[in-house]
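Here the structure is laid out as structure tokens; the discussion comes afterwards.
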Amino acid sequence: MNAPATVQAMKPTGRPVDLSLDQPLNIAILVLPGFSHLALHAYLEPFRIANVLANASLFRWQIAGLDNNAVYGANNIAISVDVTTEALSATNIHLNQLVIIAGEQVEHQQTPQLHAFLRRMARQGIFISALGTATWLLAETGLLADTPCTIHWSRLAAFSEVFHKPRIRETLFVKDGQYSTCAGELAAFDLAVDLIASQAGATVAQEVCRHAIVDGQRSGSNRQTAPSGLSYANVSEKLVVAVQTMEANLDNPLSMDVVAKRAGLSRRQLERLFLTHVGVSPAKHYLKMRLDHAKRLIEGTRMPLIDVAIACGFISSSHFSKCFKAAHGKTPQQCRADVPAWVGPGLG
């Protein structure tokens with residue numbers, strides 16, 4: 001197990017922060033091939049900083065792997081493994097948190113061994129956190145049934161179409177009972193700081209953010225990305241409402257009269273707003289949103305193309321194919337053929 005730093009750090013007052021818990025919180029981080037180093041270190045560093053600021057071993061961590069071999073991240077840099085999943089299952093070591101960081105090829109990472117391990121940890125009452133694409137693994141294992149969760153914004157559409165029971169949210173992280181899910185990357189920092197606040201107090205969490213030159217602790221309920229249409233906020237709030245109404249109704253397109261009414265506009269006013277500030281008619285913008293959504297589903301899932309068409313509001317497959325080619329320069333079939341072979345039911 002990696003020993004946390006114990007160097008004494010000084011607060012702006014000139015006095016060291018002296019804080020200790022009865023027992024350190026023990027964390028095992030399971031890294032799978034192709035994992036994000038950014039997510040790993042964004043999650044780990046806050047605990048190291050907290051230990052330094054508190055001048056105590058508040059948190060301890062170890063890197064876990066499916067075997068003893070070093071694990072290569074997406075950037076082709078390897079990290080050594082401290083403990084295997086088999087050893088974690090067999091020992092009586094006190095474990096508080098299991099964190100999983102998966103890779104882009106997540107659909108190939110769900111093996112009987114991993115499935116059994118995750119279920120075993122869940123039965124033992126271990127708190128489990130999934131960073132980024134790892135949410136997919138928990139969903140496949142059946143641990144997220146009817147559970148609020150999140151995943152990286154680029155995979156939200158695919159996740160929503162493949163898994164219907166989990167309640168997906170486009171937020172930085174979601175904590176629900178035994179399970180926490182996180183968008184990954186820098187949102188992993190926010191999840192770690194939240195854990196620090198719950199274990200060591202808000203003051204330590206705030207000092208960790210200060211030390212890392214982060215402007216305050218972000219709530220897990222914060223959106224991962226800016227709401228669609230936000231770039232028009234300074235132009236017209238009604239234009240923002242119109243765009244967001246379209247975004248919320250990609251599978252069952254609304255008429256422009258309905259969109260205009262929900263935005264508090266006349267049809268003519270809606271047309272004028274879009275032509276002035278977006279450069280195209282509202283109908284063309286709406287169609288583009290649906291076709292962009294279709295492209296994400298084709299590239300990120302193995303959904304049948306007819307199901308993709310229906311999920312994006314197209315009844316006729318020939319009309320869908322014609323519109324898709326006009327927008328993206330290739331047919332849906334050609335787009336699917338260009339997807340690497342490893343892309344599985346949900347994530348790339």
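Numbers for residues simply follow the sequence, beginning at 1. Note that the coordinates shown come from a computational prediction; the quantities given were computed from them, not determined experimentally.
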Q.
Pair D292, K288 - check salt bridge (Lys or Arg N to Asp or Glu O under 4.0 Å), show working.
A. CA-CA 6 Å; D292 287 347; K288 180 180 184 301; 2.8 Å; yes
Q.
Please give me the minimum heavy-atom distance between A188 and A39, naming the atom from each residue.
A. CB-O, 3.5 Å
Q | Considering all heavy atoms, the nearest Q333-S321 contact | A | OE1-OG, 4.1 Å
Q) In chain order, what residues pass the ring pair (Phe, Tyr, Trp, His ring centres under 6.0 Å) check against H115, with sequence neighbours excluded? A) none
Q.
Is there a side-chain contact between T331 and F324 in this structure, where contact means two heavy atoms from C-beta onward sitting under 4.5 Å apart?
A. no
Q: Kindly indicate whether the side chain of E271, heavy atoms from C-beta on, has any atom under 4.5 Å from the side chain of R268.
A: no
**Q.** CG (N75) with more than 12 external heavy atoms under 6.0 Å
**A.** yes
Q: Can you see which heavy atom on N51 is nearest to which on W61, and at what distance?
A: ND2-CZ3, 3.5 Å
(Q) Test of understanding: clusters of I, L, V, M, F, W, Y form through side-chain heavy atoms closer than 4.5 Å, transitively. Do I196 and F189 belong to the same one? (A) yes
**Q.** All ring pair (Phe, Tyr, Trp, His ring centres under 6.0 Å) counterparts of F163, not counting sequence neighbours
**A.** W136, F159
Q: Would you sort out whether L95 and Q124 count as a side chain to side chain contact (heavy atoms under 4.5 Å, CB included), showing the intermediate values?
A: CA-CA 10 Å; L95 182 64; Q124 292 178 5; over 6 Å; no
**Q.** With Q217 via side chain to side chain donor-acceptor pair (under 3.5 Å) - residues at least two apart
**A.** none
Q.
Tell me if a side-chain donor or acceptor on N96 pairs with a main-chain N or O of N26 at a distance below 3.5 Å.
A. yes
Return a table of donor-acceptor pairs under 3.5 angstrom between the side chains of residues 306-320 and protein atoms on other chains or two or more places apart.
{"residue": "S316", "atom": "OG", "partner": "S318", "partner atom": "N", "Å": "3.4"}
{"residue": "S316", "atom": "OG", "partner": "S318", "partner atom": "OG", "Å": "2.9"}
{"residue": "S316", "atom": "OG", "partner": "H319", "partner atom": "N", "Å": "3.2"}

Q. What closest approach, in Å, do Q178 and M121 show between heavy atoms, and which atom pair accounts for it?
A. NE2-O, 4.0 Å
(Q) Between P253 and M246, is there a side-chain heavy-atom distance shorter than 4.5 Å? (A) no
(Q) With clusters defined by side-chain heavy atoms of hydrophobic residues (ILVMFWY) lying less than 4.5 Å apart, directly or transitively, does M256 cluster with V241? (A) no
Q | hydrophobic_cluster_shared for I101 and F59, side chain cutoff 4.5 Å | A | yes
Q: Determine whether F127 and I29 fall in the same hydrophobic cluster, where Ile, Leu, Val, Met, Phe, Trp and Tyr are linked whenever their side-chain heavy atoms lie under 4.5 Å apart.
A: no
Q. For the hydrophobic clusters of this structure (ILVMFWY residues joined by side-chain heavy atoms under 4.5 Å, transitively), does one cluster hold both L131 and Y72?
A. no
Q. Which pair of non-hydrogen atoms, one from N249 and one from T245, has the smallest distance, and what is that distance?
A. ND2-O, 2.8 Å
Q.
Other members of the hydrophobic cluster containing L38, with the 4.5 Å side-chain heavy-atom rule, please.
A. L186
(Q) Tell me every residue that passes side chain to side chain contact (heavy atoms under 4.5 Å, CB included) with A187, counting only those two or more places apart in sequence or in another chain. (A) L172, C182, A183, D190
